[in-house]
Amino acid sequence: MLSRVANSIYWMSRSIERAENVARFVDVNLNLMLDLPQEQVDQWRPIVDTSGDFQSFTQLGFEPTQENVIYFLTFEERNPNSIVSCLQSARENARSVRSVISSEMWEQLNSFYLMVKAAAADSKKLDLNSFFTRVKMASHLFVGVTDATMSHGEAWHFNRLGRLQERADKTSRILDVKYFILLPRLTDVGTALDDVQWSALLKSASALEMYRKRYGRIAPNDIAEFLILDREFPRAIRFCLFRCEESLRAISGSPPGMYTNPAERKLGRLRSELDYTTIDEIIEAGLHEYLDRFQADLNQVGDSIFETFFALRPLSKAAQQQ
């Protein structure tokens, strides 16, 4: 497969997953505001922090109000991580690989993009809860159409690799924001307000029902364990990295227990660390510090994937002579 094609498929998938996660963050925060006391309703800046875009948010002259944050994360085309920008990027990448993806994938992505653009044109009259639900369902539909209509070869594995790498990153970010930013007062720990916010975090990962089936009551350490170390929940970090490693090995042809490129080595090391750690060790070392280091390591994995599969390299002298 051409590196250009692989790169387009990888980023098409990452962009769609990113758009879905932005919709999750904003939708859950809208519902969370209804349950918070009046003095705690200023909780919109952490949503921009989650996406890592607060610097560009302030550079564009926005104040962290509800209206500004929702517009910036949803419809602001100058924000490369807004929902509309992510879908525009995904659509352009899909257009360049029309011969590789299925017609159903293209039609679903195109419909998804046009739905968001139509909403942007009439954003002031928009039912936000309904809109964000449609965004999430459109993303789910694209994943389902992809799995059902695309051959599970190299292109499909690059698609899954991008999607799950993005998902692991965003799961770590929402957990980090809750632990480090969203609850600023120690007196609130263990209160009803604390439970409301932890429940909102689980909802943002579509994890509340599965968490309650596993653990029952709301407990911060159990939530962290579920979202970081669970083997079976599809938005847990460990699950995502395991599937990423599967796809990476399928692409390169490396047998289990070995690696043939830096991307496999770094991803394998990161995944194996999750296999042999416990939530008590993570909490003891500091959850924020652990998640911060995980995000840096995952970014290094992404850089290695780019260098291994997508980066352009000059021809060797022998190839030039040929």
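Here the structure is a predicted model, which is why all the values come from computation and not from measurement. All residue numbers refer to positions in the sequence shown, counting from 1.
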Closest non-hydrogen atom pair between V116 and F75, with its separation = O-CE2, 3.9 Å
Do the charged groups of D275 and R238 touch, with an N to O distance under 4.0 Å?
-> yes
Under the side chain to side chain contact (heavy atoms under 4.5 Å, CB included) rule, collect the residues that match up with E154, sequence neighbours excluded.
-> M1
Go through E209 and R212 one step at a time and tell me if the salt bridge (charged side-chain N to carboxylate O under 4.0 Å, His left out) criterion holds.
-> CA-CA 5 Å; E209 293 175 339; R212 288 199 177 277; over 6 Å; no
R18 versus W11: any side-chain heavy-atom pair under 4.5 Å?
-> yes
Sequence neighbours excluded, the answer for side chain to side chain contact (heavy atoms under 4.5 Å, CB included) partners of V100 is V5, I9, V97, M150, A155
First locate atom CE of M105, then atom CG of N159, and finally report the distance between them rounded to the nearest 0.5 Å.
-> 5.5 Å
Group every Ile, Leu, Val, Met, Phe, Trp and Tyr by side-chain heavy-atom contacts under 4.5 Å, then state whether L202 and I279 land in the same group.
-> yes
Find out whether K136 and D27 are in side-chain contact, i.e. whether some heavy atom of one side chain is under 4.5 Å from a heavy atom of the other.
-> yes
Step by step, work out the salt bridge (charged side-chain N to carboxylate O under 4.0 Å, His left out) result for R249 and E245.
-> CA-CA 6 Å; R249 291 193 182 282; E245 191 176 30; 3.5 Å; yes
Would you give the length of the straight line joining atom CG of L267 to atom CD of E246, rounded to the nearest 0.5 angstrom?
-> 11.0 Å
Validation row: T133, V135 side chains within 4.5 angstrom (heavy atoms) = no
Would you please name every residue forming a salt bridge (Lys or Arg N to Asp or Glu O under 4.0 Å) with R134, sequence neighbours left out?
-> none
Hey, can you tell me if F158 and F310 have their rings parallel, tilted or perpendicular (30° and 60° cut-offs)?
-> tilted
By side-chain hydrogen bond (donor to acceptor under 3.5 Å, both in side chains), which residues pair with R167, not counting sequence neighbours?
-> E17
Hits for salt bridge (Lys or Arg N to Asp or Glu O under 4.0 Å) against R293, two or more places apart or cross-chain, chain-then-number order -> E273, D297
Is the closest side-chain heavy-atom distance between N68 and W44 below 4.5 Å?
-> no
Establish whether L141 and V22 are linked, either directly or via other cluster members, by ILVMFWY side-chain heavy-atom contacts under 4.5 Å.
-> yes
Report the C-alpha separation of F112 and F142 in whole Å, then their side-chain angles, then the decisive distance to 0.1 Å, and conclude whether the ring-ring contact (aromatic ring centres under 6.0 Å, His included) test is met.
-> CA-CA 9 Å; F112 190 1; F142 181 82; 8.1 Å; no
Test item: N7 side-chain N/O and S3 main-chain N/O as donor-acceptor pair under 3.5 Å | no
Verdict with supporting geometry, R217 and D222, salt bridge (charged side-chain N to carboxylate O under 4.0 Å, His left out) = CA-CA 9 Å; R217 67 184 182 87; D222 290 340; 5.2 Å; no
Rounding to 0.5 Å, atoms CD1 (I228) and CD1 (I223) come to a distance of 11.5 Å
If you round to the nearest 0.5 Å, how far is OH of Y290 from CD of Q295?
-> 11.0 Å
Are I283 and D280 close enough that some pair of their side-chain heavy atoms sits under 4.5 Å apart?
-> no
L201 backbone acceptor or donor facing S204 side chain under 3.5 Å = yes
Let me check something: any side-chain donor-acceptor pairs from residues 52-64 under 3.5 Å, sequence neighbours excluded? List them with distances.
from, atom 1, to, atom 2, distance (Å)
D53, OD1, N81, ND2, 2.9
D53, OD2, S51, OG, 3.1
D53, OD2, N81, ND2, 3.2
S56, OG, D53, O, 3.0
T58, OG1, F54, O, 3.3
T58, OG1, Q55, O, 2.8

A19 versus I83, closest heavy-atom pair with distance | O-CG1, 3.7 Å
Determine, using the 4.5 Å side-chain heavy-atom cutoff (strictly less than), whether V143 and L161 are members of one ILVMFWY cluster.
-> no
Regarding S82 and S85, is there a side-chain donor-to-acceptor distance under 3.5 Å anywhere?
-> yes
Under a single-linkage definition using a 4.5 Å side-chain heavy-atom cutoff for Ile, Leu, Val, Met, Phe, Trp and Tyr, are Y215 and I237 assigned to the same hydrophobic cluster?
-> yes
Not counting sequence neighbours, which residues clear side-chain hydrogen bond (donor to acceptor under 3.5 Å, both in side chains) with E77? List them please.
-> K117
Where do I101 and M12 come nearest, in terms of heavy atoms and distance?
-> CG2-CE, 4.4 Å
With sequence neighbours left out, the residues meeting side chain to side chain contact (heavy atoms under 4.5 Å, CB included) with P80 are none
Inspect the surroundings of CZ in R269 and state if more than 12 heavy atoms from other residues, nucleotides or ligands are less than 6.0 Å away.
-> no
For C244 and L164, the nearest pair of non-hydrogen atoms, with its separation, is SG-CB, 3.6 Å
Side-chain touch Y211/D230, heavy atoms, less than 4.5 angstrom | no
Can you check whether F72's main-chain N or O pairs, donor with acceptor, with N79's side chain at less than 3.5 Å?
-> yes
Between the side chains of S96 and N93, does any donor sit under 3.5 Å from an acceptor?
-> no
Mind checking whether L30 and F132 have side chains closer than 4.5 Å, heavy atoms only?
-> yes
When rounded to the nearest 0.5 Å, the distance separating CG of N299 from CG of D303 is 6.5 Å
Quick one: do M115 and I70 end up in the same hydrophobic cluster if we chain Ile, Leu, Val, Met, Phe, Trp and Tyr together by side-chain heavy atoms under 4.5 Å apart?
-> yes
Are side-chain N/O atoms of S254 and E264 paired as donor and acceptor at under 3.5 Å?
-> yes
Decide side-chain hydrogen bond (donor to acceptor under 3.5 Å, both in side chains) for R235 and N21; before the verdict, give the C-alpha distance in whole Å, the side-chain angles of both, and the deciding distance to 0.1 Å.
-> CA-CA 11 Å; R235 304 193 75 86; N21 278 285; 3.1 Å; yes
What residues form a salt bridge (Lys or Arg N to Asp or Glu O under 4.0 Å) with E281, not counting sequence neighbours?
-> none
Which residues share a salt bridge (Lys or Arg N to Asp or Glu O under 4.0 Å) with E225, sequence neighbours left out | none
Atom of F233, atom of S206 and distance for their closest heavy-atom approach = CZ-O, 3.5 Å
Pairs touching residues 103-112 that satisfy side chain to side chain donor-acceptor pair (under 3.5 Å), sequence neighbours left out = R91-N110
Out of curiosity, R243 CZ to L248 CG, how far, rounded to the nearest 0.5 Å?
-> 14.5 Å
Between I218 and S199, the two heavy atoms sitting closest are CD1-OG, 3.8 Å
pair I16-E20: side-chain heavy atoms closer than 4.5 Å = no
Counterpart residues, side-chain hydrogen bond (donor to acceptor under 3.5 Å, both in side chains), relative to D147 (two or more places apart) = W156
